[in-house]
Amino acid sequence: MITYALSTGSFGSYLTEAGAEAVRQSRFRNFEFTLSTCIVDDEQSRLSTRLTRQLIREGVFKSASVHLPFYGGGLRWDPSCPDEAQRKEITARFIKLIRDHADLMGPMVTLHASNEPPLAEHPQRIGQVCKSIEEMLPTARELGFVINVEFLPRTCVGNCPEELQQIVSHFDPDQVGICLDVNHIMGRYKELPAMIDLLAPRIRAFHICDYDGIDETHWMPWQGIHDWPELMKHIRAIGRDMLLILETSWQLRRENREISPLFALRQNEKACWFLENCERLQAEFDAFKLPGNQA
């Protein structure tokens, strides 16, 4: 069964009173909580966390997944750091952040394996991120979550199926899986159905959005180049429960102005409707004749 969730970053950097009210009015109940909002202890962060806990108590917000930080607070959050002392400090900081917010955790955690190091460093960094995951697993087992290593773009560790397989193969499939972000395959989008089939045994979640086929843009599904009927066919063929997390709405923002949270939530509800019906809708679009434009 497919379950849809929405990244909290898709309707605001931090949860506000307006955002909380929008959640209450939305169809979404499953979210990927962005833990980077808890890095800095300031008024904005405290309000966001307090509102999130309130929505959980109300039963209108469930952490289906939690995205660990990969930047923020003026600190390094790269679990592949080659410096062993720094890597251990970063992993310890991840664990403390998780334990400090254990009540906000979900059954899955999304982890960026690295920032964007040179490709020549990848062999060493793969070993380092495996050490970091190993150190996080006792906490994962205690709190009951799976660590999903994200498919990343550009020169990040985990920017191809081979590196993802190399990382996750060190661990029990019930403990470490893959979150496949369909924006992050860069120019290889035509290979995505085959990549889904290849990585299917370890995929636990997807980050869903569209893009231009060049670099990540986090557009709404059907605004870009993805063949959604084909992708949804391969996602459903995995044959087990799958979490589809929408990571969208960036293109709805202008400069530094935040969009209306309720507008963003409504747009993402429509995106889920499209994904559930994309095969029929694509066929109708292909048969559509633009009025007044027939030859």
Side-chain angles (χ1 to χ4, degrees), residues 2-72 97 101 103-110 179 181-183 205-211 216-224 228 242-278 281:
I2 284 177
T3 295
Y4 290 97
L6 180 62
S7 165
T8 55
S10 293
F11 58 97
S13 302
Y14 291 87
L15 190 62
T16 62
E17 295 282 3
E21 185 56 33
V23 169
R24 295 184 183 102
Q25 296 180 47
S26 79
R27 294 178 173 91
F28 282 102
R29 292 294 173 259
N30 297 301
F31 295 89
E32 181 170 68
F33 178 65
T34 306
L35 201 53
S36 58
T37 59
C38 301
I39 293 173
V40 179
D41 184 20
D42 59 16
E43 184 176 353
Q44 188 179 41
S45 176
R46 288 192 295 272
L47 174 63
S48 179
T49 305
R50 179 175 64 79
L51 289 170
T52 302
R53 290 188 166 110
Q54 176 61 36
L55 293 175
I56 291 172
R57 287 194 296 271
E58 293 175 19
V60 297
F61 185 108
K62 175 184 176 183
S63 288
S65 179
V66 171
H67 202 310
L68 294 181
F70 51 94
Y71 71 93
L97 189 65
H101 299 86
D103 59 320
L104 302 178
M105 299 303 293
M108 298 185 189
V109 159
T110 302
C179 175
D181 189 315
V182 300
N183 245 225
F206 286 83
H207 280 164
I208 295 292
C209 42
D210 220 328
Y211 79 127
E216 57 182 329
T217 55
H218 292 266
W219 292 341
M220 293 288 180
W222 213 12
Q223 287 188 306
W228 289 103
M242 195 59 52
L243 184 66
L244 271 59
I245 305 162
L246 277 81
E247 270 197 338
T248 57
S249 301
W250 292 9
Q251 84 282 12
L252 301 177
R253 303 180 188 182
R254 289 186 176 180
E255 298 174 347
N256 294 321
R257 188 181 72 198
E258 293 286 343
I259 61 172
S260 160
L262 184 57
F263 176 72
L265 283 156
R266 290 285 183 253
Q267 293 298 99
N268 281 284
E269 290 168 358
K270 293 173 184 177
C272 295
W273 172 80
F274 165 72
L275 292 170
E276 283 295 287
N277 296 280
C278 60
L281 294 171

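This is a predicted model, so every value here is computed, not measured. Residue numbers count from 1 along this sequence.
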Q: Just to verify, what does Arg53 make a side-chain contact (heavy atoms from CB on, under 4.5 Å) with, not counting sequence neighbours?
A: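 Listed in chain order: Thr49, Arg57, His101, Asp103, Leu104.
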Q: With Trp222, which residues qualify under ring-ring contact (aromatic ring centres under 6.0 Å, His included), at least two apart?
A: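 ring-ring contact (aromatic ring centres under 6.0 Å, His included) list for Trp222, sorted by chain: Phe274, Phe285.
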Q: What distance do Leu275 atom CG and Ile208 atom CD1 have between them, rounded to the nearest 0.5 Å?
A: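 The CG atom of Leu275 sits 6.5 Å away from the CD1 atom of Ile208.
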Q: Testing Cys209, Ser7, Cys272 for side-chain contact (heavy atoms from CB on, under 4.5 Å) with Leu246, which one passes?
A: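 Of the listed residues Cys209, Ser7, Cys272, the side-chain contact (heavy atoms from CB on, under 4.5 Å) partner of Leu246 is Cys272.
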Q: Quick one: does any side-chain atom of Ser63 pair with a main-chain N or O of Met105 as donor and acceptor, under 3.5 Å?
A: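 Here the side-chain-to-backbone pair does not exist.
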Q: If we only count heavy atoms from C-beta on, is the Arg29 to Lys62 side-chain gap below 4.5 Å?
A: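 Not in contact.
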Q: Can any side-chain N or O of Thr52 pair as donor or acceptor with the backbone N or O of Ser48 at less than 3.5 Å?
A: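 Checked: pair present.
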Q: With sequence neighbours left out, what residues match His207 under ring-ring contact (aromatic ring centres under 6.0 Å, His included)?
A: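 By the ring-ring contact (aromatic ring centres under 6.0 Å, His included) rule, His207 matches His67.
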Q: Tell me, please, which residues at least two apart from Glu269 pass side-chain hydrogen bond (donor to acceptor under 3.5 Å, both in side chains).
A: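 Result, side-chain hydrogen bond (donor to acceptor under 3.5 Å, both in side chains) vs Glu269: Arg27, Arg266.
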Q: If you define the side chain from C-beta out and look only at heavy atoms, does anything of Phe31 sit under 4.5 Å from Phe11?
A: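 In short, these two side chains touch, coming nearer than 4.5 Å.
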Q: Do Tyr14 and Ser45 have side chains that get closer than 4.5 Å, going by heavy atoms?
A: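 Side chain of Tyr14 against side chain of Ser45, heavy atoms only: contact under 4.5 Å found.
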Q: Is there a donor in the side chain of Glu32 and an acceptor in the side chain of Thr110, or the other way round, less than 3.5 Å apart?
A: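 Result is yes, a qualifying pair exists.
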Q: Tell me every residue that passes side-chain contact (heavy atoms from CB on, under 4.5 Å) with Glu17, counting only those two or more places apart in sequence or in another chain.
A: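 Counting only residues at least two positions away or on another chain, Glu17 forms a side-chain contact (heavy atoms from CB on, under 4.5 Å) with Leu47, Arg50, Leu51.
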Q: Rounded to the nearest 0.5 Å, what's the gap from CH2 on Trp273 to CG on Leu281? Could you check?
A: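 Answer rounded to 0.5 Å: 4.5 Å.
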Q: Check step by step if side chain to side chain contact (heavy atoms under 4.5 Å, CB included) holds for Asp181 and Glu247.
A: CA-CA 9 Å; Asp181 189 315; Glu247 270 197 338; 3.3 Å; yes
Q: Let me confirm one number: the CE-OG distance from Met220 to Ser10, rounded to the nearest 0.5 Å.
A: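 Separation between the atoms: 7.0 Å.
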Q: Looking at residues at least two apart in the chain, or sitting in another chain, which of them share a side-chain hydrogen bond (donor to acceptor under 3.5 Å, both in side chains) with Thr34?
A: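 Checked Thr34 against side-chain hydrogen bond (donor to acceptor under 3.5 Å, both in side chains); matches are Thr8.
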Q: What residues, two or more places apart in sequence or in another chain, satisfy side-chain hydrogen bond (donor to acceptor under 3.5 Å, both in side chains) together with Asp210?
A: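 Asp210: side-chain hydrogen bond (donor to acceptor under 3.5 Å, both in side chains) contacts with Trp228.
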Q: From Gln44 CD over to Leu15 CG, what is the distance, rounded to the nearest 0.5 angstrom?
A: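 It is 11.0 Å, given to the nearest 0.5 Å.
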Q: Output all residues satisfying ring-ring contact (aromatic ring centres under 6.0 Å, His included) with Phe206, sequence neighbours left out; order by chain, then residue number.
A: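 Partners of Phe206 by the ring-ring contact (aromatic ring centres under 6.0 Å, His included) criterion come out as none, since no residue qualifies.
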Q: Does Tyr4 have any side-chain hydrogen bond (donor to acceptor under 3.5 Å, both in side chains) partners at least two apart in sequence or in another chain, and if so, which?
A: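 Result, side-chain hydrogen bond (donor to acceptor under 3.5 Å, both in side chains) vs Tyr4: Glu276.
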Q: How many angstroms lie between CG in Leu68 and CZ in Phe33, if you round to the nearest 0.5 Å?
A: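 With rounding to 0.5 Å, CG (Leu68) is 11.0 Å from CZ (Phe33).
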Q: Would a 4.5 Å heavy-atom cut-off, applied to side chains only, mark Gln25 and Val60 as touching?
A: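 The answer is no, as the side chains (C-beta and beyond) never meet within the 4.5 Å cut-off.
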Q: Taking only residues two or more places apart in sequence or in another chain, which ones pass salt bridge (charged side-chain N to carboxylate O under 4.0 Å, His left out) with Arg24?
A: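 With neighbours one apart ignored, the set is Glu21, Glu58.
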Q: Quick check for you: to the nearest 0.5 Å, what is the distance between Ile2 atom CD1 and Leu244 atom CG?
A: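 Between Ile2 CD1 and Leu244 CG, I get 5.0 Å after rounding to 0.5 Å.
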Q: According to side-chain contact (heavy atoms from CB on, under 4.5 Å), who are the partners of Ala205, at least two apart in sequence or on a separate chain?
A: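 Expected list: Met108, Asn148, Cys179, Leu243, Ile245.
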Q: On a heavy-atom basis, which atom in Ala271 and which in Pro221 lie closest, and how many Å separate them?
A: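 Between these two residues, the closest heavy atoms are CB-CD, 3.8 Å.
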Q: Residues in salt bridge (charged side-chain N to carboxylate O under 4.0 Å, His left out) with Asp42, at least two apart?
A: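 Testing Asp42 for salt bridge (charged side-chain N to carboxylate O under 4.0 Å, His left out), a comparison that skips the adjacent residues, returns none.
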